[in-house]
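Following: one structure in structure tokens, then a few remarks.
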2 protein chains.
Amino acid sequence: MRSFPAIARTIEHGMARTHGSKAEITGPLVRESALRLFARHGYDAVSMRQIAADVGVQVGTLYAYTADKQALLADLLRGHMEELLAEWSDDPALPALDRLKSFLRFHIQTSLKRPEAVFLSYMELRSLAPENRRAIAALRREYEDALEAILASGEAEGTMKLPDRRLATMALISMLTGVTNWYREDGRLDQERVVAIYWDLVRGAVGA
Amino acid sequence: MRSFPAIARTIEHGMARTHGSKAEITGPLVRESALRLFARHGYDAVSMRQIAADVGVQVGTLYAYTADKQALLADLLRGHMEELLAEWSDDPALPALDRLKSFLRFHIQTSLKRPEAVFLSYMELRSLAPENRRAIAALRREYEDALEAILASGEAEGTMKLPDRRLATMALISMLTGVTNWYREDGRLDQERVVAIYWDLVRGAVGA
DNA sequence: GTCTATAGGGGGATAGAC
DNA sequence: GTCTATCCCCCTATAGAC
């Protein structure tokens with residue numbers, strides 16, 4: 001009655017195996033699979049067995065790459081936020097409106113390039129243990145503050161008029177991140193067009 | 001070794017019991033507990049046993065009020081969307097900017113009055129079986145269309161200027177719903193102030 | 001580095017007593 | 001209407017072989 005489904009089945013990341021080593025790539029594959037599955041079905045809905053099946057290994061193998069399921073989620077979220085902060089570059093010498101447009105483009109393009117990481121970061125903070133949650137929340141706050149600094153400089157310049165700077169920061173981030181809710185790769189609008197449309201909306205919102 | 005924790009412990013909705021009937025109220029209590037727990041921890045993370053403990057009944061009792069866990073979630077989401085649509089009233093004869101301001105106030109106040117239902121509706125669509133998901137998505141679309149109709153009328157009047165009406169609809173809803181992410185009852189701003197600040201932002205965004 | 005096997009714990013849902 | 005008891009399934013994590 002016993003069969004060999006792991007061998008018989010072709011899976012997304014390649015043929016499964018019952019023995020043999022692919023150390024160089026298994027780690028990243030585990031992270032990729034976990035990211036996609038967590039984002040699609042939710043952290044609690046996804047089992048380590050599903051992740052293993054998606055990667056093409058057995059469950060036990062996963063524990064060579066992560067201490068436990070919780071650490072896997074925390075690493076994904078931390079990695080995403082750190083990449084975001086590392087990739088974002090700002091020049092305080094430029095006019096605030098130019099900096100805001102850069103931020104908008106960066107945020108939308110990143111959100112559409114890594115929609116799963118963005119979605120996960122906003123949805124599964126609650127699934128983290130308290131200390132992990134605090135660490136990720138601090139990184140997110142740092143990112144929000146980057147936008148808030150731009151708005152502050154726009155107010156100082158007199159090129160922006162905001163009823164409440166902190167609230168405007170949160171409102172703009174919510175609005176921009178919302179693209180992940182409806183954007184479709186094969187939809188009516190390409191990314192450049194989306195950026196242009198949002199820029200019209202945002203420019204109006206900040207009173208420019 | 002056996003104790004009677006269900007009797008010994010005072011729980012949130014009243015004293016637990018090992019027998020006895022409270023038919024009139026148990027149904028609503030089940031829905032309230034499920035809503036709160038699902039919103040806080042996620043649908044998959046919450047067990048029927050946890051819900052039962054929160055209500056103060058035993059697990060089996062829940063199945064007198066719902067066919068299964070999936071139906072419980074679907075009923076909560078459908079109920080929320082139907083309430084939203086029933087409570088919203090619009091007068092197409094009024095100027096579009098007035099209607100938009102009403103929508104904004106309604107959406108923010110509702111979101112802050114029932115933050116758990118709002119959060120759940122946006123986060124747990126994915127946990128629904130396909131037919132349930134389609135039904136809820138249709139109700140949500142109806143709600144979005146109510147806003148889009150206001151924007152269309154503003155464009156027709158010439159009081160609003162929008163680069164893309166559908167996208168503006170989605171952007172505004174994302175922005176407004178975002179209040180649930182940061183608003184705190186005991187925070188810096190009361191609801192009226194929040195409404196006023198968002199109205200400034202939105203008015204600018206629609207080019208008024 | 002990966003596998004197999006398993007320990008130990010919860011989960012959803014149902015049956016039948018009261 | 002509620003409780004108790006139970007079926008059967010799946011889960012995370014670990015131990016030890018290869």
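To find a chain, count down the sequence lines: A is the first, B the second, and so on, and within it residues start at 1.
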Protein-nucleotide distance ([X], atom [atom1]; [N], atom [atom2]), rounded to Å:
X: A:K69; N: D:dA13; atom1: NZ; atom2: C1'; result: 12 Å
X: A:L37; N: D:dC11; atom1: CG; atom2: P; result: 12 Å
X: B:D68; N: C:dA13; atom1: CG; atom2: C1'; result: 9 Å
X: A:M48; N: C:dG11; atom1: CE; atom2: C1'; result: 18 Å
X: B:Q58; N: C:dA15; atom1: CD; atom2: C1'; result: 16 Å
X: B:Y63; N: D:dT4; atom1: OH; atom2: C1'; result: 15 Å
X: B:Q70; N: C:dA13; atom1: CD; atom2: P; result: 9 Å
X: B:H41; N: C:dG11; atom1: NE2; atom2: C1'; result: 17 Å

Under 4.0 angstrom between [X] side-chain N/O and [N] OP1 or OP2:
X: B:S47; N: C:dG11; value: yes
X: A:Y65; N: C:dT2; value: yes
X: B:T61; N: D:dG1; value: no
X: A:T26; N: C:dG1; value: no

Query raised in the report: Has the side chain of B:R49 got a donor or acceptor atom sitting under 3.5 Å from an opposite partner on the base of C:dG10?
Result: no
Query raised in the report: So do A:L76 and A:R31 actually touch side chain to side chain, heavy atoms under 4.5 Å?
Result: yes
Query raised in the report: How many angstroms lie between atom CG of B:L151 and atom OG1 of B:T169, to the nearest 0.5 angstrom?
Result: 4.5 Å
Query raised in the report: Taking the nucleotide of DNA chain D with the closest heavy atom to each, which residue, A:A67 or A:Q50, is nearer the 5' end?
Result: A:Q50
Report task. Can you sort out the partners of B:M48 under side-chain contact (heavy atoms from CB on, under 4.5 Å), two or more places apart, ordered by chain and number? Result ->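 Partners of B:M48 by the side-chain contact (heavy atoms from CB on, under 4.5 Å) criterion, ordered by chain and then number, come out as B:I51, B:V59, B:L62, B:Y63, B:T66, B:K69.
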Query raised in the report: What is the ring orientation for B:W182 with B:Y198, classed by angle as parallel under 30°, tilted 30 to 60°, or perpendicular over 60°?
Result: parallel
Query raised in the report: Quick one: do A:D164 and B:R193 make a salt bridge, cutoff under 4.0 Å?
Result: no
